[in-house]
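So the structure is just underneath, and the comments pick up after that.
Given the structure is predicted, the values throughout are model-derived calculations rather than measurements. Only this structure's heavy atoms are used, side chains among them; waters, hydrogens and symmetry mates stay out.
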Amino acid sequence: MVDAALHAVDDILRTYPEALFYGQDVGGELGGVFREAALLAKKYGDNRVFNTPIQEAYIVGSTAGMSAVGAKAIVEIQFADYIWPGMNQLVEELSKSCYLSMGKFPVQSLLRVPIGAYGGGGPYHSGSIESTLLTIRGIKVVYPSNAADMKGLMKAAFLDPNPVIMLEHKGLYWSKVAGTEDAKTVEPDENYILPLGKANVVQYASDEEIRMGNSMTVITYGMGVYWAKTASKQFKGSVEILDLRTLNPLDFEAVVASVRRHGKALVLTEEPLMNSFAESLAGRISKECFQQLDAPVYTLGAANLPAIPLNVELEKMMLPNPEKVAAALEELLNY
């Protein structure tokens, strides 16, 4: 996924002279703490790829000014937990400009945000923030789970006239977490664009298990895709997995179709569940698919704690994992 992101930005900078890439530590040789922009500053110059102060309000807010003069900014917030100082600019400027100007002044910006828990990053480097972002009308939120999707969604996000936030799970970047090997894919060519708002069935249940009424769907994204894949090995042929890929716009048609195929659904997230996007989606599913459901819509997420613990064992206890997912799958299949 790191390679796909690097090559996507490289393609964009080469193709669109108005494109810029800036943020915390992305300039010079380093190219970001995850090396996802390595050497791009040397290739395109410090006027197009450069470091910024550690000032998220400036990083986010400056994209509005860039857009106003015809520049197309790709910016990086180093970790999801760092985005909060930029929320005023995101909410009051970027998200509302198009609406308040009757479409005359849309802000075209792409905000890249590494997200998620992995490796004991603790309370300031491991948070999940998608539910908060999804309450902001006027922005789009994408969340790729593999390298091909990373490249295709980044191209689509850059070309979209709206502000787009791209959440990139740092535990998937290098596929170092057990069970995430499928995040590595054959890389698409530079013309590959994946439209926003199109979910993807990454695993189908077998026709036989569906016919016997012994199947269900897991609706998830990001790291949840791999927790579900690992857990589903215990229930061969019984589990469909739908990767949302884009959280706003949401491919609710694909969600409904998947739920109606099976009559049982688990919405899986890395976020704490209380008042989350996952709970909201489960509610929508319950209303839309009530006649076809054979069980309540299940949800599974992290424990409702204020932050990710620094201690790696406590981190594991807080987060979902394949074992917790397998227990939920078993309970739902036997409902």
Donor on one side chain, acceptor on other, [X] and [Y], under 3.5 Å:
X: D243; Y: S145; value: yes
X: Q78; Y: H125; value: no
X: T269; Y: Y221; value: yes
X: S215; Y: E240; value: no
X: Q24; Y: T52; value: no
X: E271; Y: S131; value: yes

Got a salt bridge between E190 and R14, using NZ or NE/NH1/NH2 to carboxylate O under 4.0 Å?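 Salt bridge present between E190 and R14.
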I'd like to know if K96 pairs up with E92 as an ion pair, taking the criterion as any Lys NZ or Arg NE/NH1/NH2 lying under 4.0 Å from an Asp or Glu carboxylate oxygen.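 The answer is yes: the pair qualifies as a salt bridge.
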Can you name the one residue among L167, L94, V164 that meets side-chain contact (heavy atoms from CB on, under 4.5 Å) with L111?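 Only match with L111 under side-chain contact (heavy atoms from CB on, under 4.5 Å): L94.
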Got more than 12 heavy atoms from elsewhere within 6.0 Å of CD, E253?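 No, CD of E253 has 12 or fewer neighbouring heavy atoms, counting only those of other groups under 6.0 Å.
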Who pairs with R211 by salt bridge (charged side-chain N to carboxylate O under 4.0 Å, His left out), at least two apart in sequence or on another chain?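 Result, salt bridge (charged side-chain N to carboxylate O under 4.0 Å, His left out) vs R211: E208.
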Please lay out, stage by stage, how V177 and Y226 fare under the test side chain to side chain contact (heavy atoms under 4.5 Å, CB included). CA-CA 10 Å; V177 178; Y226 301 99; over 6 Å; no
Holding to side-chain hydrogen bond (donor to acceptor under 3.5 Å, both in side chains), I want the full list of residues that pass it with T299, two or more places apart in sequence or in another chain.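 Applying side-chain hydrogen bond (donor to acceptor under 3.5 Å, both in side chains) to T299 gives none.
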Can you list everything that forms a side-chain hydrogen bond (donor to acceptor under 3.5 Å, both in side chains) with R48? Sequence neighbours excluded, please.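 R48 satisfies side-chain hydrogen bond (donor to acceptor under 3.5 Å, both in side chains) with no residue once adjacent residues are dropped.
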Please list all pairs meeting side-chain hydrogen bond (donor to acceptor under 3.5 Å, both in side chains) that have one or both residues in residues 318-335, counting only residues at least two apart or in different chains.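 Every side-chain hydrogen bond (donor to acceptor under 3.5 Å, both in side chains) pair that includes a residue of residues 318-335, provided the two are not neighbours, is Y298-E331.
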Residue pairs, two or more places apart or on separate chains, that pass side-chain hydrogen bond (donor to acceptor under 3.5 Å, both in side chains) and touch residues 157-168: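 Residue pairs with at least one partner in residues 157-168: R112-E168, K140-D160, D160-N162, E168-Y173.
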Tell me the salt bridge (Lys or Arg N to Asp or Glu O under 4.0 Å) pairs involving residues 55-71, sequence neighbours left out?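 Checked against salt bridge (Lys or Arg N to Asp or Glu O under 4.0 Å) - neighbours excluded - no pair reaches residues 55-71.
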Sub-3.5 Å donor-acceptor pair from the side chain of Y192 to the main-chain atoms of K155, do we have one?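 Not confirmed, Y192 side chain does not pair with K155 backbone.
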So, does D251 use its side chain to make a donor-acceptor pair with the main chain of A199 at under 3.5 Å?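 Yes; judged by distance alone, with no hydrogens or angles, the pair exists.
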Could you check, using the six-membered ring where one of them is a Trp, whether Y124 and Y82 have ring centers closer than 6.0 angstrom?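 They do not qualify: ring centres at least 6.0 Å apart.
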